[in-house]
Amino acid sequence: MKKDYGSYHFDRREILRYLAEGVFLCLLLNWTFYQSPWAFVATPGVLFWYLRFRRRERIREQKSKLNRQFKDMLDSLAVILQAGYSVENAIGGCARELERLHGGQADLVRELRYIEGQMKLSIPVESLLADLGERSQLEDMENFAVIFQAAKRSGGDMKKILQKTAQMLGDKIEVKKEIEAVLAAKKSEQQLMSLMPFGIILYMQLTSPGFLEVLYGNIFGTVVMTVCLAVYGFAFWLGHRIVNIEV
């Protein structure tokens, strides 16, 4: 079955793990902002949001991993073409090289093996690469498929065009990796800052338990804490968007 990299399906272990994390999040939010059994009415909505959030994160990780494998494929393709191999034979060479680097179960290795098998059935390689680019939902892979198709139809110097394309796209992906490395520390800081409100309220509950009692068990406190939760949610969303820059 062809894989759609724009979607992700949890396995049983992941479902149990994320449901447990979602329940813990509900307990944490209730204890921090409401301390009322009525707050658990919103538990299904929080669980649904958390599972969607985790699914988006897994899709992002899936695409990032595929993009790194694609960078290694481009490097391998440039070398193999320079050695004089045809484009069709270069696909098999790239698959073997990626298998050595990432293992036989890597997504792009399996895709290249599939393309190699389909070419033996006389299916044009350009249509196979176009299908992979569309399913990957990665701009670099889609651009590569378009350039490959145009070069194939134009009848120009195929190897030279692909070598230049591989170099340009490889440089772009390398820049992405450098940006991700720079943002790694900022992402850790953002995650730490997201936990700070809970830490502050926990500290106040332990050191001055009577100070926050006015905010629990009454309508005024519920309204105030709901506004605080909305502000916190917006700050979390904004921080998450800032540290996940699309290049």
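All residue numbers refer to positions in the sequence shown, counting from 1.
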Student: Given the rule in the side-chain hydrogen bond (donor to acceptor under 3.5 Å, both in side chains) test, do Arg54 and Tyr50 qualify, once you have shown the distances and angles that lead to the verdict?
Tutor: CA-CA 6 Å; Arg54 281 300 185 184; Tyr50 187 74; 3.0 Å; yes
Student: Is Glu116 salt-bridged to Arg113, going by a charged N under 4.0 Å from an acidic O?
Tutor: yes
Student: At what distance, to the nearest 0.5 angstrom, does CG of Leu129 lie from CD of Gln149?
Tutor: 9.5 Å
Student: With side-chain contact (heavy atoms from CB on, under 4.5 Å) as the criterion, how do Phe220 and Met225 come out once you've worked through the C-alpha distance, each side chain's angles and the decisive distance to 0.1 Å?
Tutor: CA-CA 9 Å; Phe220 173 78; Met225 287 307 241; over 6 Å; no
Student: Carefully, step by step, assess Glu97 and Arg100 under the rule salt bridge (Lys or Arg N to Asp or Glu O under 4.0 Å).
Tutor: CA-CA 5 Å; Glu97 182 64 20; Arg100 185 181 65 83; 2.4 Å; yes
Student: Quick check for you: to the nearest 0.5 Å, what is the distance between Tyr5 atom OH and Asp107 atom CG?
Tutor: 4.0 Å
Student: Can Val146 be reached from Leu77 by stepping across I, L, V, M, F, W or Y side chains whose heavy atoms are under 4.5 Å apart?
Tutor: no
Student: SG of Cys26 to CG of Leu47: how many Å apart, nearest 0.5 Å?
Tutor: 4.5 Å
Student: Would one find more than 12 heavy atoms of other residues, nucleotides or ligands at under 6.0 Å from atom CD of Glu14?
Tutor: yes
Student: State whether Glu61 and Lys65 are salt-bridged, where the test is any N-O pair (Lys NZ or Arg NE/NH1/NH2 against Asp/Glu carboxylate O) under 4.0 Å.
Tutor: no
Student: Check Arg96 with Glu99, please: is the shortest side-chain N to carboxylate O separation under 4.0 Å?
Tutor: no
Student: Salt bridge between Lys3 and Glu111, side-chain N to carboxylate O under 4.0 Å?
Tutor: no
Student: Between CZ of Phe70 and CG of Leu108, what distance do you get to the nearest 0.5 Å?
Tutor: 8.0 Å
Student: Within the distance-only criterion (no hydrogens, no angle test), does the side chain of Glu21 pair as donor or acceptor with the backbone N or O of Leu16 below 3.5 angstrom?
Tutor: no
Student: Heavy-atom count around Arg55 CZ within 6.0 Å, excluding the residue itself: above 12?
Tutor: yes
Student: As an exercise, state the distance from OG of Ser127 to CD1 of Ile115, rounded to the nearest 0.5 Å.
Tutor: 9.0 Å
Student: Going through the distances and angles, do Ile15 and Leu19 end up as a side-chain contact (heavy atoms from CB on, under 4.5 Å)?
Tutor: CA-CA 6 Å; Ile15 291 176; Leu19 282 177; 3.8 Å; yes
Student: Please check if the distance between the ring centroids of Tyr216 and Tyr34 is under 6.0 Å.
Tutor: no
Student: So does Arg68 pair up with Asp72, basic N to acidic O under 4.0 Å?
Tutor: no
Student: Cluster question for you: counting only ILVMFWY and a side-chain heavy-atom cut-off of under 4.5 Å, with indirect links fine, are Val231 and Val224 together?
Tutor: no
Student: Report, as yes or no, whether the 6.0 Å neighbourhood of atom CG on Leu195 holds more than 12 heavy atoms from other residues, nucleotides or ligands.
Tutor: yes
Student: Out of curiosity, Ser136 OG to Leu66 CG, how far, rounded to the nearest 0.5 Å?
Tutor: 6.0 Å
Student: Going by the angle between their ring planes, with limits at 30° and 60°, are Phe53 and Phe236 parallel, tilted or perpendicular?
Tutor: tilted
Student: Using 30° and 60° as the class boundaries, would you call the ring planes of Phe198 and Phe33 parallel, tilted or perpendicular?
Tutor: perpendicular
